[in-house]
Protein chains: 2
Amino acid sequence: MVVTLKDVARASGVHTSTVSRAFSASHLVNPETRIRVLAVANELGYRPNRAARALSTRRTGNLGVIVADIANPFFPPLIKAAQDQARARDHHVFIADTDERIDVEEEAVRSMVGQVDGLILVSPRLSDRRIRELADEVPLVVVNRRLRRLPCVLMDVGEGIRLAVGRLADLGHREIATVLGPPASWTGRAAVRAAEETAREHGVRTYRVGPHQPTEEGGAAAFDAVLDLGVTAVLAHNDLMALGLLRAARERGVAVPERLSVVGTDDTLTARHTRPALTTVAMPVDAAGRAAVDLLLRGADPEVVTLGTRPIERDSTGPAPRG
Amino acid sequence: MVVTLKDVARASGVHTSTVSRAFSASHLVNPETRIRVLAVANELGYRPNRAARALSTRRTGNLGVIVADIANPFFPPLIKAAQDQARARDHHVFIADTDERIDVEEEAVRSMVGQVDGLILVSPRLSDRRIRELADEVPLVVVNRRLRRLPCVLMDVGEGIRLAVGRLADLGHREIATVLGPPASWTGRAAVRAAEETAREHGVRTYRVGPHQPTEEGGAAAFDAVLDLGVTAVLAHNDLMALGLLRAARERGVAVPERLSVVGTDDTLTARHTRPALTTVAMPVDAAGRAAVDLLLRGADPEVVTLGTRPIERDSTGPAPRG
DNA sequence: GTGAAAGCGCTAACAG
DNA sequence: CTGTTAGCGCTTTCAC
């Protein structure tokens, strides 16, 4: 059924080691034999078994990318950028989705260890401690979380959030709610901190709502609480949750932005298409994906790459309603 | 650095095979030794190397899902459903994105063979012939393409398209354009065929535009050609392209649906949120993902699972403008 | 330049 | 119940 090195060796009358060399150390083999062997291999449809190869070389040529939820449009562009970069450096990418579940994340990592040369953990939900343990077993780059002495790629949401909150203050908003995503989200915490600091500097009051699942449903679930607070603007943990808020607002007849301004985070595809178009904080996901692969493949000292973010003002924010 | 079976064996004073059995055939080992061995293993932080294990068992416990573009919101829900189902059956899922490129798809398949127990090809761009060859090397399920004597999961877009076109005819449309996606798209061809047949039955004329990339950009690129045809309605290969058409229409000041009705396919997340909300054909992606895993794991005779589709009427379609 | 042999980490008969 | 042995598919010394 499956053609192995041995089959090729037999069919071309040389030893397996010669066939092996023909593939992975072609300069060590007589050009003529090499050509003959490759011809036979091709004829037979031989494909090296990468897993077996990895067993002796300790290099698989694969990288693993582990994300919380590929259905969250924030992740795919990052994954694709990582993939492009990996391909340019002659590696393949295996992706795993953890469904926002910590046990699944653990399992995903475990199943990849040994089949990849390195792992990129995007917005991991695992504990810092556990990530450090894993880093001992396999080269690791963490995206969206800061861990001392580990290579990290960070997107400074704080920067974009500060600008966004400043803008809301200028528009006259005096009470703002932040809608929280998963408690384990490192960037989420950083964003909330940045929002609250900036708000304080502008004399704006803040409230927290949540945590909720970082999904459209989660955002919708938060809407009533937001409304009850009587705020005039709300910052959502991500665009998905902002979409949920937008939908709930429409269903409840709450005008956006006239009565409530809504700000998302991520600038996903949908943000440009919502009604009203969503104001949001754009993340440099492409750069992050590429940087993660570079860090992983460079394998040098645990460097930290920090990338900037900025708010994109669309139609879901406007002047605060007059009291 | 990395702990192996041998290390555990040495540390617990038994043979490697006993350690192996303690892990994968625990009933074949004395309870006391097993407990001791597992304790030592745990102490040492031993993790079985799945790739090595697979080399002898020929079972990896992994399934591969290969999709054309994870950034296309059509795919993630399918992947997630497949993942859930796989997990329920004690398997992991590795995902690969082929960037709509046939060479990358080939590479992705190749890199996964040997590291997975089976492959799910979603909307493959590879030739039928090549897919059949691959099916000889690795268990395979094809989604969104019909291949004789191979297990397939099909979503009958035709069904939804026929209903959608019928509805357009009822709304008075007499000239309709179909915007084509990638030439290699099997469902795309089926959809166009269904559209043209139904149109003919209703005395409606059809035109084809494209092919274009199945992306928002691709859709936008098709807009001018659509406009030039003077049609009053357009069916897009997928929602992404429909979004592009919507955007281009807005930019050109063409009112949707007053002057042009737009229909997508897939019913992705964004469709509900566009302005106007997109009429589209909903695909049973969850069911498809689950069915694909079931077929793969059952490994029985090459069955074909066909799932129905239906149009969802929103605000991007309306009565044809009066001539 | 090529073959022989050992080994990567693990499992699977086969004895005992 | 456990140790021995062989082998999964491939690479890598080490001789010749």
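Any value given below was found using the heavy atoms of this structure, including those in side chains, with hydrogens, waters and symmetry copies removed. The sequence lines fix the lettering, A, B, ..., with proteins before strands; numbering per chain opens at 1.
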Considering only [options], which nucleotide approaches the side chain of [X] most closely?
X	options	answer
B/Tyr46	D/dT11, C/dC10, D/dT2	C/dC10
B/Thr57	C/dG9, D/dT2, C/dT11	C/dT11
B/Pro31	D/dC1, D/dT2, D/dC8	D/dC1

Taking A/Asp156 for its side chain and A/Leu307 for its backbone only, find out whether a donor-acceptor pair lies under 3.5 Å. no

Can you measure [X] atom [atom1] to [N] atom [atom2] for me and round it to whole angstrom units?
X	N	atom1	atom2	value
B/Leu28	C/dC14	CG	C1'	13 Å
A/Lys6	C/dG3	NZ	P	16 Å
B/Arg47	C/dC10	CZ	C1'	17 Å
A/Asp7	D/dC8	CG	C1'	13 Å
A/Arg53	C/dG9	CZ	P	18 Å
B/Gln115	D/dC10	CD	P	13 Å
B/Asn49	C/dG7	CG	C1'	14 Å
A/Glu32	C/dG1	CD	P	11 Å

Describe the nucleic acid contact of B/Arg58 in one word from base, sugar-phosphate, nothing, applying a heavy-atom distance below 4.0 Å. sugar-phosphate

Can you confirm whether A/Asp136 is buried at CG, in the sense that more than 12 heavy atoms of other residues, nucleotides or ligands lie under 6.0 Å from that atom? yes

Does atom CD of A/Glu43 have more than 12 heavy-atom neighbours from other groups under 6.0 Å away? no

Return the minimal non-hydrogen interatomic distance between B/Met112 and B/Ile95, and the atom names on each side. CE-C, 3.9 Å

For the residue pair B/Asn144 / B/Thr187, report whether a side-chain donor-acceptor contact shorter than 3.5 Å exists. no

Quick one: on DNA chain D, does B/Leu55 or B/Val29 contact a more 5' nucleotide (nearest heavy atom)? B/Val29

Aromatic ring pairing A/Phe94/B/Phe94, orientation class (parallel under 30°, perpendicular over 60°, tilted between): parallel

Note down the inter-axis angle between the two ends of the helix from C/dG1-D/dC16 to C/dG16-D/dC1, five pairs each, to the nearest 10°. 40°

Report yes or no: is there a donor-acceptor pair, N or O only, under 3.5 Å between the side chain of B/Arg21 and the base of D/dG3? yes

Check A/Lys80 with B/Asp69, please: is the shortest side-chain N to carboxylate O separation under 4.0 Å? yes

Residues B/Asp99, A/Arg87; criterion side chain to side chain contact (heavy atoms under 4.5 Å, CB included); working and verdict: CA-CA 11 Å; B/Asp99 221 15; A/Arg87 190 158 38 236; 3.6 Å; yes

Using a cut-off of strictly less than 4.0 Å between a heavy atom of the residue and any atom of DNA chain C, enumerate the qualifying residues of residues 8-20 of chain B by number. B/Ser17, B/Ser20

So among B/Arg145, B/Arg146, B/Arg148, which one has a salt bridge (Lys or Arg N to Asp or Glu O under 4.0 Å) with B/Asp128? B/Arg145

